[in-house]
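For the numbers below, each heavy atom of this structure counts, side chains included, while hydrogens, waters and symmetry mates do not. If you read the sequence from its start, that first residue is 1, and numbering goes on from there.
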Amino acid sequence: MAGLVVSGTQVSYIGQDCREIPEHLGRDCGHFAKRLDLSFNLLRRGQALEWFSVVGSRRPVVEPGPFHRLVSTQLPTRSLEGLSAFRSLEELILDNNLLGDDLVLPGLPQLHTLTLNKNQISDLECLLDHLAEVTPALEYLSLLGNVACPNELVSLEKDEEDYKRYRCFVLYKLPNLKFLDARKVTRQEREEALVRGAFMKVVKPKVFWGRLAMFTMGKIQRATGLSEMTSSEATFCMP
């Protein structure tokens, strides 16, 4: 099976450009895998761009004309559905994918290590609440390279104080962690999280999707020769 590497209870499916976990992976390896590495793929939120008629039918069309508009629609997230076959998983590596704030994991009661480095996660609190629910045994978490993790990997405007506040809030939400990112959790950090963690919430960055959508629409219109549309006509359902 091309791209699949199995060594004992360790399974790797790296750099295969898959947008969701292949069914055969869970069928063949889910019953014994303890460690699963899915890094450098295209696992992502469910989203698609489709052309719709401005009037009449709401069904998407294949060949757009002057009376059609491009709409971004949120689709059900399927990228990680296949993890439900890996009930005994202890380590999960999802680095360098396209996972966002709609990331949903199945219940993984034995998972103690999760790395989500270099994805597209910005809502830290939402993620931590979800992990507290579905990964109760989690001890090692790494979020480096995401907007949710404020350090110099994502922005030169962030400094060590920003990162310390982030660590404090994460440990408040997930008090059983022993390692966070590349650092061991210290006793002092754990004590500080108990006292101050609730006040260290990292604010999610604001993204002006409407402006971005209209800018993108303008580029598409120029490329396709479509006439300019009004803002009311260009209805976007952005996350």
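- Here the closest non-hydrogen pair linking Met200 and Cys168 is CG-SG, 3.6 Å.
- Between Arg87 and Pro106, some side-chain heavy-atom pair lies under the 4.5 Å cut-off.
- In the hydrophobic clustering of this structure, Val6 groups with Leu83; members are Ile, Leu, Val, Met, Phe, Trp, Tyr whose side-chain heavy atoms approach within less than 4.5 Å, directly or through other members.
- In plain terms, the two heavy atoms of Ala137 and Gln110 that are nearest each other are CB-C, 4.4 Å.
- To the nearest 0.5 Å, atoms CD1 (Ile21) and OG (Ser84) are separated by 8.5 Å.
- Glu189 pairs by the side-chain contact (heavy atoms from CB on, under 4.5 Å) definition with Arg167, Leu171, Val185, Thr186, not counting sequence neighbours.
- Taking 4.5 Å as the limit, some side-chain heavy atom of Leu141 sits within range of a side-chain heavy atom of Leu174.
- The closest side-chain heavy-atom distance from Leu144 to Leu116 is not below 4.5 Å.
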Asn176 and Glu139: side-chain contact (heavy atoms from CB on, under 4.5 Å), yes or no, with the steps? CA-CA 6 Å; Asn176 294 327; Glu139 296 180 343; 5.5 Å; no
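- By the salt bridge (charged side-chain N to carboxylate O under 4.0 Å, His left out) test, Asp159 is found to be paired with no residue, residues two or more places apart in sequence or in another chain being considered.
- If you chain together hydrophobic residues whose side chains sit under 4.5 Å apart, Phe32 and Ile93 never meet in one group.
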Does Cys149 form a side-chain contact (heavy atoms from CB on, under 4.5 Å) with Asp181? I'd like the steps, not just the answer. CA-CA 9 Å; Cys149 176; Asp181 302 327; 3.7 Å; yes
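- Taking every heavy atom of both residues into account, Cys29 and Val11 meet most closely at CB-CG2, 3.9 Å.
- Under the rule for a ring pair (Phe, Tyr, Trp, His ring centres under 6.0 Å), the partners of Tyr163 that lie at least two apart in sequence or sit in another chain are Tyr166.
- Other members of the cluster containing Tyr140 are Phe179, with ILVMFWY side chains joined at under 4.5 Å, either directly or via other members.
- The minimum heavy-atom distance linking Gly26 with Phe86 is given by the pair CA-CE1, 3.6 Å.
- Side-chain contact check for Phe169 versus Glu125: some heavy-atom pair is nearer than 4.5 Å.
- Distance CG/Leu177 to OG/Ser142: 11.0 Å, rounded to 0.5 Å.
- To the nearest 0.5 angstrom, His112 atom NE2 is 12.0 Å from Leu108 atom CG.
- Without hydrogens or angle criteria, Asn97 side chain to Leu43 main chain gives a donor-acceptor distance under 3.5 Å.
- In terms of modelled atom types and a separation under 3.5 Å, the side chain of Asn119 and the main chain of Leu94 share a donor-acceptor contact.
- Taking 4.5 Å as the limit, every side-chain heavy atom of Lys184 sits out of range of all side-chain heavy atoms of Lys178.
- Put simply, the side chain of Asn41 gets close to the backbone of Tyr13: a donor and an acceptor are under 3.5 Å apart.
- To the nearest 0.5 angstrom, Asn96 atom CG is 6.5 Å from Ser39 atom OG.
- A distance of 5.5 Å separates CG of Leu89 from CG of Leu111, quoted to the nearest 0.5 Å.
- Between Glu90 and Arg35, none of the side-chain N atoms (NZ, or NE/NH1/NH2) sits under 4.0 Å from a carboxylate O, so this pair counts as no salt bridge.
- With hydrogens and angles left out, the side-chain atoms of Asn117 and Thr115 include no donor and acceptor closer than 3.5 Å.
- Side chain of Ser79 to backbone of Arg44: a donor-acceptor contact under 3.5 angstrom is found.
- Across all their heavy atoms, Ala148 and Pro150 have their closest contact at O-CD, 3.3 Å.
- The number of heavy atoms from other shown groups lying within 6.0 Å of CD (Glu160) is above 12.
- Checked options Leu25, Ile14, Asp95; the residue passing with Leu38 is Leu25 (criterion: side chain to side chain contact (heavy atoms under 4.5 Å, CB included)).
- Counting only heavy atoms from C-beta outward, the side chains of Leu105 and Leu80 approach each other to under 4.5 Å.
- With Arg165 contributing its side chain and Phe199 its backbone, the two residues share no donor-acceptor pair below 3.5 Å.
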Working for side-chain contact (heavy atoms from CB on, under 4.5 Å), residues Thr135 and Leu92: CA-CA 11 Å; Thr135 59; Leu92 178 58; over 6 Å; no
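- Contacts of Glu133 classified as salt bridge (charged side-chain N to carboxylate O under 4.0 Å, His left out), with partners at least two apart in sequence or in another chain: none.
- With hydrogens and angles left out, the side-chain atoms of Asp101 and Ser122 include a donor and acceptor closer than 3.5 Å.
- The line from CD of Gln10 to NZ of Lys34 is 12.5 Å long, rounded to the nearest 0.5 Å.
- Transitive grouping of hydrophobic side chains (ILVMFWY, heavy atoms separated by less than 4.5 Å) brings Val134 and Ile121 into a common cluster.
- Partners of Arg196 according to the salt bridge (charged side-chain N to carboxylate O under 4.0 Å, His left out) rule, which considers only residues two or more places apart in sequence or in another chain, are Glu192.
- With Asn146 contributing its side chain and Gln120 its backbone, the two residues share a donor-acceptor pair below 3.5 Å.
- By the 6.0 Å contact criterion, CD on Glu23 is open, its count of non-hydrogen atoms from other residues, nucleotides or ligands being 12 or less.
- Minimum heavy-atom separation, His24 to Arg27: CB-NH2, 3.2 Å.
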